[in-house]
Amino acid sequence: MSFSTEAKTELNAHLPASRAEALSGAAAILGCIGSYDTDPDGRTHFLLQTDNPLPAIRVFTLIQKIDNINLEFVTDGQPKASAFRFSMEQVLRDDKIREYAFAAGLCDAQGNPLSETGRAADAVLRSRKCVRSYIENLFLCVGQVSDPEKEYHLEFACGREAQAELVLELLQTFGIQAKSARRRSRFVVYMTEAGSIADTLNLMGASVCAMKLENSRILKQVRGDVNRKVNCETANIRKSVSAAQRQLEDIRFLIDKGALSGLPEPLQEIARIRAAHPEISLTELGALLEPPVGKSGVNHRLRKLSEIAGKIRKETPAEE
């Protein structure tokens, strides 16, 4: 099971606590995949077109909580798509349909279909709980979230620009920052910050998935810190080894040229100890001197040896 499917499974188990929240959730889905029109006999109805029956089933579940409504399934002839039509078994059937269409932004208050649709009515989003329900059900319909082990990405692929703009506004009311982009025929609201994704999952009610994301983020951070420290230590070790090799080469050069014996005793002493202990650090070298010398003192003496060796190399004719 993908992380996105896991999140949707967790969310799908939630049912709104009130009629207002259920209406907000239904409006989110209907605004994505619903159309509002009139059939030949003058009766108004919804047509939900989707290649995934789950959003239609979710709408049915939500509206069933509000009113007694049945779903009539009608295939549209497409190999991988189905159309789902609502029929109302109530006297005020058309009024109810107009209520849902208006809530979803598919018609005006008088029931006239809108050409530019997709933004839910403000009355549907009158409370923070209703906004939560809207975002949650929108995610169930057109949302995706990546596996946090691979990348951080959550999106709502809205079919209408007005709905995408609304989602951005609603997320901002909860302090969640997101971006939008046009992707072919879709208007995508997305986020790539782990904190924003976790906040959105918690907002929608996918707390288990939010916890998994946070755990994954913490583990990544710990692994990153460990890797940085290991890399730093490795770099320091390589640097120390390289420096020690150069020091040994300079000391052997001075010995070969007979120049070491003519140097001051402190330089001879550090040369002897470095040659005897090529693997130890400068601090450890200093502790072996008599009297002990600090790291900076040891570094000064070794650098002096290197300078003397370099000077002699320049003065010595190159061998043919």
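Numbers here are sequence positions counted from 1.
- Looking at every heavy atom in both residues, Ala26 comes nearest to Leu62 through N-CD1, 3.4 Å.
- Atoms CG and CD1, on Leu302 and Ile273 in that order, are 10.0 Å from each other to the nearest 0.5 Å.
- A salt bridge does not link Arg272 with Glu269: none of the charged nitrogens is closer than 4.0 Å to a carboxylate oxygen.
- One finds a salt bridge joining Glu99 and Arg19 here, because a Lys/Arg side-chain nitrogen approaches an Asp/Glu carboxylate oxygen to under 4.0 Å.
- Annotation: Asp225, atom CG; neighbour count of heavy atoms from other residues, nucleotides and ligands within 6.0 Å is above 12.
- The local environment of NZ in Lys220 is crowded, with over 12 non-hydrogen atoms from other residues, nucleotides or ligands closer than 6.0 Å.
- In summary, Arg183 and Glu155 engage in a salt bridge, as defined by a charged side-chain N under 4.0 Å from a carboxylate O.
- Ser24 and Tyr134 make their closest contact through O-CD1, 3.4 Å (heavy atoms, listed as atom of the first residue, atom of the second, distance).
- A pairwise comparison of heavy atoms in Asp250 and Ser306 identifies OD2-OG, 2.8 Å as the closest pair.
- The distance from the CG atom of Leu282 to the OG atom of Ser296 is 10.0 Å, given to the nearest 0.5 Å.
- By the 4.5 Å heavy-atom criterion applied to side chains, Leu267 and Ile308 are counted as neighbours.
- The pair Lys212-Asp147 does not count as a salt bridge, with every side-chain nitrogen at least 4.0 angstrom from each carboxylate oxygen.
- When only modelled atom types and interatomic distance are considered, Glu151 and Ser146 share a side-chain donor-acceptor pair under 3.5 Å.
- Of the possible polar contacts, none joining the Gln144 side chain to the Phe139 backbone as a donor-acceptor pair under 3.5 Å is found.
- Within a 6.0 Å radius of CD in Gln221, other residues, nucleotides and ligands contribute 12 heavy atoms or fewer.
- Residues Leu171 and Val142 fall within the same hydrophobic cluster, defined by Ile, Leu, Val, Met, Phe, Trp and Tyr side chains chained together at heavy-atom separations under 4.5 Å.
- In summary, the side chains of Glu21 and Ser18 do present a donor paired with an acceptor at a separation below 3.5 Å, with no hydrogens or angles considered.
- Glu136 approaches Leu11 most closely through the heavy-atom pair OE2-O, 3.2 Å.
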### Query
Can you check side-chain hydrogen bond (donor to acceptor under 3.5 Å, both in side chains) on Ser216 and Glu149, steps first, answer last?
CA-CA 6 Å; Ser216 175; Glu149 292 292 333; 3.2 Å; yes

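- Taking CZ of Arg128 as the start and OG of Ser133 as the end, the distance is 14.5 Å to the nearest 0.5 Å.
- The 12-atom threshold is not exceeded at CZ of Arg238, counting heavy atoms of other residues, nucleotides or ligands nearer than 6.0 Å.
- Here the side chain of Arg58 pairs no donor or acceptor atom with the backbone of Asn137 at under 3.5 angstrom.
- The distance from the CE atom of Met191 to the OG1 atom of Thr200 is 3.5 Å, given to the nearest 0.5 Å.
- In this structure, Gln268 contributes its side chain and Ser261 its backbone to a donor-acceptor pair below 3.5 Å.
- Taking CD1 from Ile63 and CG from Leu30, the interatomic distance works out to 5.5 Å, rounded to the nearest 0.5 Å.
- Judged purely by atom type and a 3.5 angstrom limit, Lys8 uses its side chain to pair as donor or acceptor with the backbone of Gly143.
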### Query
Given the rule in the salt bridge (charged side-chain N to carboxylate O under 4.0 Å, His left out) test, do Glu214 and Arg217 qualify, once you have shown the distances and angles that lead to the verdict?
CA-CA 5 Å; Glu214 290 289 5; Arg217 179 169 63 164; 2.6 Å; yes

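- Thr5 contributes no side-chain N or O that, together with a main-chain N or O of Met1, makes up a donor-acceptor pair within less than 3.5 Å.
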### Task
Given side chain to side chain contact (heavy atoms under 4.5 Å, CB included), test Phe156 with Ile135 step by step and report yes or no.
CA-CA 9 Å; Phe156 301 85; Ile135 295 174; 3.8 Å; yes

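- Here the closest heavy-atom approach between residue Ile255 and residue Leu260 is recorded as CG1-CD2, 3.6 Å.
- Leu203 and Leu166 fall within the same hydrophobic cluster, where Ile, Leu, Val, Met, Phe, Trp and Tyr residues are linked whenever their side-chain heavy atoms come under 4.5 Å apart, directly or through other members.
- At distances below 3.5 Å, not a single donor-acceptor pair connects side-chain atoms of Asn299 with backbone N or O atoms of Lys295.
- Side-chain contact of Asn202 with Ser207: a donor-acceptor pair under 3.5 Å is absent, judged by distance alone.
- Defined by atom type and a distance below 3.5 Å, a donor-acceptor pair is present between the side-chain atoms of Ser281 and Glu284.
- Arg182 contributes a side-chain N or O that, together with a main-chain N or O of Arg184, makes up a donor-acceptor pair within less than 3.5 Å.
- Side-chain contact check for Leu263 versus Leu305: some heavy-atom pair is nearer than 4.5 Å.
- Looking only at atom types and distance, the side chain of Arg246 has a donor-acceptor partner in the side chain of Ser242 under 3.5 Å away.
- Contact check on Glu161 versus Arg186 returns no salt bridge, with no Lys/Arg side-chain nitrogen under 4.0 Å from an Asp/Glu carboxylate oxygen.
- The shortest non-hydrogen separation linking Val124 to Ala27 is CG1-CB, 4.1 Å.
- Within the model, atoms CD1 of Ile270 and CG of Leu288 stand 8.5 Å from one another, a figure rounded to the nearest 0.5 Å.
- Ring pair Tyr190/His153 is parallel by interplanar angle, where below 30° counts as parallel and above 60° as perpendicular.
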### Task
Just do the side chain to side chain contact (heavy atoms under 4.5 Å, CB included) check on Arg301 and Val293 with the steps written out, would you?
CA-CA 10 Å; Arg301 294 184 186 185; Val293 176; 3.5 Å; yes

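- Under a cut-off of 6.0 angstrom, the local environment of NE2 in His300 is sparse, with at most 12 non-hydrogen atoms contributed by other residues, nucleotides or ligands.
- Side-chain N or O atoms of Glu10 include one that pairs as donor or acceptor with a backbone N or O of Cys209 at under 3.5 Å.
- When hydrophobic clusters are built by joining Ile, Leu, Val, Met, Phe, Trp and Tyr residues whose side-chain heavy atoms come closer than 4.5 Å, directly or via intermediates, Val131 is grouped together with Leu140.
- Geometrically, Arg160 does not engage Phe187 in a cation-pi contact defined by less than 6.0 Å to the ring centre and at most 45° from the axis.
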